[in-house]
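Bear in mind the structure is a predicted one, so any value in this text is a computation, not a measurement.
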Amino acid sequence: MRCFLAVDLPDSLAAGVAAVQDRLSDADGLRFTDPAGAHVTLKFLGELPPDRVDEVEDAVESAVDAAGVAPFDASVGGLGVFPSLDYIRVVWVGVDDGAAELTRLHEAIERETTAIGFDPEGHDFTPHVTLARMDDARGKDLVRRVVEDESPTVGTFRVREVRLKKSERGPDGPEYETVTRFSL
């Protein structure tokens, strides 16, 4: 299974995510994510053999406990890109309130999953929701202009759990399914 650990946005914020994507709809070369599957990835695990699921679940349970994060509110808004405005691969909306708690969860999950053999992240953690991936640079100028000039608000939601998710390739992009929930 291709797996990752995430905090899902509620269905009530899907329209807000779609509205931000609409601001970028004229940019050629963007491949948009499905707003109904919007999430903040805490750790990408990659291919997870079925016989390691229990081990990962135990590690994540320990990590969530060790992070000491109680349920909290997270606000989603503002725009950014990875890796830079000069070379855009991913366009995202950020997390303002709640970023510290998400970072604590990420750091604890990173410690526990690397301890059981998963590769450490090769970049700093920035809590975000991916809006689109840039397949080519035709729309780069429009994306840059929107990111620099606008700071949209998606909304606020209550974070109560971390989820182990599996991703399967579908005809319209990835389809996500929750494998396990870890309550805060």
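Residues passing the side chain to side chain contact (heavy atoms under 4.5 Å, CB included) test with Ser167 are Phe4, Pro174, Tyr176, sequence neighbours excluded. Taking the side chain to side chain contact (heavy atoms under 4.5 Å, CB included) definition, one finds that Pro120 meets it with Glu110, Thr114, sequence neighbours left out. Remark: Arg181 pairs with Glu161 by the side chain to side chain donor-acceptor pair (under 3.5 Å) rule, at least two apart or across chains. In this structure, Ser183 has no side chain to side chain contact (heavy atoms under 4.5 Å, CB included) partners at least two apart in sequence or on a different chain. Checked against side chain to side chain contact (heavy atoms under 4.5 Å, CB included), Glu101 has the following partners two or more places apart in sequence or in another chain: Val69, Phe72.
Inter-residue side-chain proximity for Met1 and Val53 is flagged as met; some heavy-atom pair is nearer than 4.5 Å.
Using modelled atom types, no side-chain atom of His39 and backbone atom of Ala6 make a donor-acceptor pair closer than 3.5 Å.
Taking the charged nitrogens against the carboxylate oxygens, Arg2 and Glu168 have no contact shorter than 4.0 Å, which rules out a salt bridge. Between Arg52 and Glu55, at least one side-chain N (NZ, or NE/NH1/NH2) sits under 4.0 Å from a carboxylate O, which counts as a salt bridge. Between Asp86 and Lys140, none of the side-chain N atoms (NZ, or NE/NH1/NH2) sits under 4.0 Å from a carboxylate O, so this pair counts as no salt bridge.
Partner Val129 forms a side-chain contact (heavy atoms from CB on, under 4.5 Å) with one of Val40, Val7, Val20 and no other, that one being Val40.
Within the structure, ring-ring contact (aromatic ring centres under 6.0 Å, His included) contacts touching residues 139-170 (residues at least two apart or in different chains) do not occur.
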